[in-house]
Amino acid sequence: MLNHLVFYTIRMSTEYYLSLTSMQTTQRNNNISNMVNGKENRNVFKSKSSLFTPNLAYLPPRDEIEACEQRLTLLNISGEQNNRENDAAPIISSHNDKVHPLLDAVDRLRHLKIMQEGIQLPTIVVVGDQSYGKSSVLESLAGISLPREFNGKIIPTDESHMADAIVMATNEIAGKGKGILNNPLTLIVKKKGVPDLTMVDLPGITRVPVHGQPEDIYEQISKIIKEFITPEESKILNVLSASVDFTTCESIRMSQQVDKIGERTLVVVTKADKSPEGLLEKVIADDVNIGLGYVCVSNRIGDESYEQARAEENKFFESHHLLSKISKSMVGIPILAQKLVQIQATIIVKCLPDIVQKINDKISSNMEDLNKLPQIMTSISEAMTTFMNILGLAKESLRKILLRGEFDEYPDEMEMHCTARFADMLNQYSSELQSKSVENYSNGNFLLEEIRVLEETKAIGLPNFLPRAVFLTLLQKKMKTISFAPFEFVEKTWNYLEKVLISVLMRHSDNYPQLLSSTRRAAHNLVAKKEKQSVDWVSDLVEMGKLTDYTCNPEYALLNDHSKPSKVQIDELGEIEVGQLRSHVGVVQEAFDMKIRMTTYWSIVLRRWVDSMALNLLFSIQKLVNKEMEFDGLEKMLEESPNVAEKRKRLENSIKLLMGSKDVVANIIDKITTNVN
Ligand SMILES: Nc1nc2c(ncn2[C@@H]2O[C@H](COP(=O)(O)OP(=O)(O)OP(=O)(O)O)[C@@H](O)[C@H]2O)c(=O)[nH]1
């Protein structure tokens, strides 16, 4: 029992070959059939009628699909020519010489898999609700029997070779997987007297899952149908049954969604023989808005031959009291064939210029992408040149943003406007130092610390002689309150610098993914080294500040300069509660003197910490950018990263495919132009 639905691309032509093939497509866009019609694939099947409904295939695991692809190439079973079929009366008598080259060109494009490139081909897509007679219509047009499933089992008939082959192919594609395989089976019917047509036969629309089909079978089928009927390049052959109200057909609802005014839709009404009542009225009323018109047909019933079926059909429409009233231009398989051939030729001619344009656009954009890819490097010297070039460019970018404040390369990325960000960070650091140093005297502790230290350092000696140890003790205590700040600042700025450095380096080595991780590591190590140097320097700065006191700053000097005004404004002290000092009369003067000196000196210390930090930072960055940025990555440059290699291959293949397609289209356009002239 077959549990799957496949859809076919059926190419019918006036030669007498019939071959079957199926190819796995890997990309979503590549889901329209692949056509194999090269001479080497033209194998002949003896086709006998059989019963089996084409169903949607379940998706097998990927490796199974690949293996299956290979097996399927062997599935073009060779055999003797089916001369009996050859003798059949032609469905369409006019010679297809004009259509044939056009169709060949489109088939060649299909075979080249141009749809993979997102370029749609003009296609006639056959849709219909389940059991409305889609397969029967295609059989009638092709004059062959398609396999179908009948009440869950295959009934072999005498044309079983072809049907078996299709069944085998379907099984091969479908495997035992559970998902729906959006992968067409291509059937090429080359037979005398059949119309030259390429059609995509989609699975019949069903709402109720049967034979273990997935619960969401309707959604899956609708999705595939939608994909095929949506492109403007597709014409929709909507198969309706004469026995139903057209307005209730699911396939009509779907085609109306993508083709509202019906300009791309043609209806074929089957089973006219079975339900002739009201058919004329229905097609005349055109309740479902069909722009390309209706053709009513009667397909082969049971075991009759195709010739008998055509004769029967003819008789019905000639003599039946109801059917004979329908215009002869709207009845019979030959009329349907004629209409389809005409529609097909029209859409191909209409679409060709667009296809040429799309091919050209795609080639240019692929070429552009290919040129953007890094060159493949074959020697150390080539790698060296490229590497030095990357480094040179990165250094120049860094000089611009870190040293010169030019951010034309990063106009909108504030984080990369480094000089401004450094200034922000330094201002913040400075304010933090200031705010951490503010002493609060509101609880009456003004001068108490100074007095306490003075009292503890008193010794036998000359009065009013301020010992230096007192000053240093107080200084050290004050230093402790802010000594973490420069370390935090150093950490913050180097973290920021690391981000900037890596971002610039990554940008310049973007095309060389093989360099990215080692470059990132090297940048991190370099920054870690520089940060350590800065931390050592900051430790010294802090220690120096604690152990020594010196300034030649004039602000401090003016404390001892009697020629300067005797009043100074000490903002830092603010409003002070002094009541408690009255009990320390002896040392207050000394303590106050100490306080004034410390406050003045302290503001100099803070300024020094900010200024020297700024200088150190800028100096470190200069050294880093100009002298220390040396990375090791040469050998890695010689290996092309798998991603780039894959992208290169994809682009090259795509360009090759498009160039081939361009030739095909150019040839056919040449032919058309020559014929017109
Ligand atoms: N009397 C009569 N029976 C027809 C005609 N067309 C199709 N049938 C019968 O209707 C049934 C369904 O036809 P199919 O061609 O299998 O229908 P289908 O739309 O391909 O079916 P799915 O692909 O399963 O959706 C078969 O038993 C056919 O013999 C017709 O014009 N007249």
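Just so you know, ligand 1 is whichever comes first in the structure, and atom 1 is the first atom listed for that ligand.
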Per-atom contacts, ligand 1 versus Ser298 - under 4.0 Å to a heavy atom: 31 (O)

Under 4.0 Å, heavy-atom basis, I'd like to know which part of Asp273 is in contact with ligand 1: side chain, backbone, both or neither. side chain

Just to check, does Gly128 reach to within less than 4.0 Å of ligand 1 when the distance is taken from its heavy atoms? no

Per-residue contact class, Gln130 against ligand 1 - non-hydrogen pairs under 4.0 Å: both

If you measure from atom 30 (C) of ligand 1 to every heavy atom of Lys271, Lys274, Glu313, Arg300, which option wins on shortest distance? Lys271

Give yes or no for whether the N/O distance cutoff of 3.5 Å, strictly under, is met between Ser131 and ligand 1. yes

Hey, is ligand 1 close enough to Tyr132 that some N/O pair sits below 3.5 Å? yes

List ligand 1 atoms under 4.0 Å from Asn299, heavy atoms only on the residue side. 5 (C), 6 (N), 30 (C), 31 (O)

Does an N or O anywhere in Ile301 fall below 3.5 Å from an N or O of ligand 1? no

Any non-hydrogen side-chain atom of Leu336 less than 4.5 Å from a side-chain atom of Leu266? yes

Between atom CD of Gln116 and atom CD1 of Ile114, what is the distance when rounded to the nearest 0.5 Å? 10.5 Å

Could you tell me whether Arg253 and Glu250 have a side-chain N and a carboxylate O separated by less than 4.0 Å? yes

To the nearest 0.5 angstrom, please state how far the CD atom of Gln256 sits from the CD1 atom of Ile229. 10.5 Å

Report yes if the side chains of Val127 and Met254 come closer than 4.5 Å at any heavy-atom pair, otherwise no. no

Given 3.5 Å as the limit, does a donor-acceptor pair link the side chain of Lys134 with the main chain of Leu202, or not? yes

Passes side-chain contact (heavy atoms from CB on, under 4.5 Å), Ile252 versus Ile290? Steps please. CA-CA 10 Å; Ile252 284 287; Ile290 300 302; 4.0 Å; yes

Where do Gln342 and Thr346 come nearest, in terms of heavy atoms and distance? O-OG1, 2.6 Å

Lys134 neighbourhood, listing ligand 1 atoms whose heavy-atom distance to it stays under 4.0 Å: 15 (O), 17 (O), 18 (P), 19 (O), 20 (O), 23 (O)

Please report whether ligand 1 has a polar contact with Ser136, defined as an N or O pair separated by less than 3.5 Å (distance criterion only). yes

